[in-house]
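The next block holds one structure in the form of C-alpha cells; read it before the comments.
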Amino acid sequence: MKISSLQGDFKVIQTIKNHDELLVLGSWQDLVRMFDSSRTFLVNRSESLFGIYLCKQECAEFMNKIIQDIDYNEWENFKIEAPTYHKQFQA
C-alpha cells in the first residue's frame with residue numbers, strides 16, 4: 001500500500017516470513033520523522049530508500065497518526081453524495 005501524506009511518502013508491505021510483521025519503506029527523513037532512527041535501516045542506496053519493521057499494532061498507530069494530521073481545510077468543496085458503506089456488511 002502506498003501512502004502520500006504531509007508526513008511523507010511511504011510504502012507498507014506485509015512480510016512473507018511473518019504475516020504479523022510489516023515493512024514500511026520511505027526516505028530517511030520521512031521515516032525518522034515518524035519513528036526512532038535506531039530502528040531504521042538502508043534498503044537501497046541508489047534510491048535512498050530506507051525501511052523499518054513494525055508489528056500490526058504499531059502500523060495501526062502510524063496510520064492513525066497520519067490520518068489525524070490530514071489538513072481538512074483543503075477539502076472545502078469536497079462533498080459525498082451518498083454513503084458508500086451503506087451496503088457493506090460488517091464482520
Side-chain angles (χ1 to χ4, degrees):
M1 163 178 37
K2 291 183 181 180
I3 301 169
S4 293
S5 72
L6 296 174
Q7 302 300 326
D9 296 323
F10 305 97
K11 185 173 183 180
V12 180
I13 303 169
Q14 185 175 22
T15 62
I16 295 171
K17 189 166 82 172
N18 182 352
H19 291 288
D20 292 327
E21 186 175 62
L22 300 167
L23 174 61
V24 178
L25 301 172
S27 71
W28 174 264
Q29 183 179 359
D30 293 344
L31 288 174
V32 298
R33 182 180 305 128
M34 300 295 291
F35 305 103
D36 183 17
S37 63
S38 65
R39 296 175 60 192
T40 306
F41 58 92
L42 180 64
V43 174
N44 186 321
R45 184 178 306 274
S46 64
E47 295 179 21
S48 297
L49 186 64
F50 292 83
I52 185 169
Y53 286 109
L54 302 176
C55 68
K56 287 184 178 180
Q57 179 62 39
E58 283 180 298
C59 192
E61 292 168 3
F62 162 64
M63 300 286 286
N64 189 30
K65 172 70 174 144
I66 288 175
I67 290 169
Q68 288 176 356
D69 290 341
I70 292 175
D71 184 5
Y72 293 103
N73 293 326
E74 295 178 2
W75 292 18
E76 292 174 359
N77 298 322
F78 182 75
K79 293 182 183 178
I80 299 177
E81 299 298 327
T84 57
Y85 59 83
H86 71 283
K87 293 183 181 178
Q88 294 179 353
F89 296 102
Q90 299 294 323

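Bear in mind that the values here come from a model prediction, so they are computed numbers and not experimental data.
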To the nearest 0.5 Å, what is the distance between [atom1] ([X]) and [atom2] ([Y])?
X	Y	atom1	atom2	value
Leu25	Asp9	CG	CG	12.0 Å
Lys65	Met34	NZ	CE	6.0 Å
Gln57	Asp20	CD	CG	12.0 Å
Ile66	Glu61	CD1	CD	12.5 Å
Leu23	Ile16	CG	CD1	11.0 Å
Met1	Gln14	CE	CD	10.0 Å

| message | Could you work out, with side chain to side chain donor-acceptor pair (under 3.5 Å) as the rule, every residue matching Ser27, not counting sequence neighbours? | response |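 For Ser27 the side chain to side chain donor-acceptor pair (under 3.5 Å) partners, ignoring immediate neighbours, are Asp30.
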
Hey, is the main chain of Val32 close enough, under 3.5 Å, to the side chain of Ser37 for a donor-acceptor pair?
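No, the answer is negative, given that no donor and acceptor are paired below the 3.5 Å cut-off.
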
Margin query: Grouping I, L, V, M, F, W and Y whenever their side-chain heavy atoms are under 4.5 Å apart, do Val24 and Leu49 come out in a common cluster?
Written below: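 In one cluster with Val24: Leu49, no.
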
**Request:** Decide if atom CG of Leu42 counts as having more than 12 heavy atoms of other residues, nucleotides or ligands within a radius under 6.0 Å.
**Result:**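 Count over threshold, so yes.
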
Next item on the list: Can you sort out the partners of Phe62 under ring pair (Phe, Tyr, Trp, His ring centres under 6.0 Å), two or more places apart, ordered by chain and number?
Entry: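 Residues passing ring pair (Phe, Tyr, Trp, His ring centres under 6.0 Å) with Phe62: Phe10, Phe35.
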
**Asked** What closest approach, in Å, do Val12 and Cys59 show between heavy atoms, and which atom pair accounts for it?
**Response**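 Residues Val12 and Cys59, closest heavy atoms: CG1-SG, 4.0 Å.
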
For Met63 and Ile3, work out which heavy atoms get closest and say how close.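 Closest pair (atom of Met63, atom of Ile3, distance): SD-CD1, 3.3 Å.
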
Worksheet entry | Result of checking Phe50, Trp28, Tyr53 against Phe41 for ring-ring contact (aromatic ring centres under 6.0 Å, His included) |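 It is Tyr53, the one option of Phe50, Trp28, Tyr53 that forms the ring-ring contact (aromatic ring centres under 6.0 Å, His included) with Phe41.
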
For a side chain to side chain contact (heavy atoms under 4.5 Å, CB included) check, start with the C-alpha distance between Leu22 and Glu58, then their side-chain angles and the critical distance, and finish with the verdict. CA-CA 9 Å; Leu22 300 167; Glu58 283 180 298; over 6 Å; no

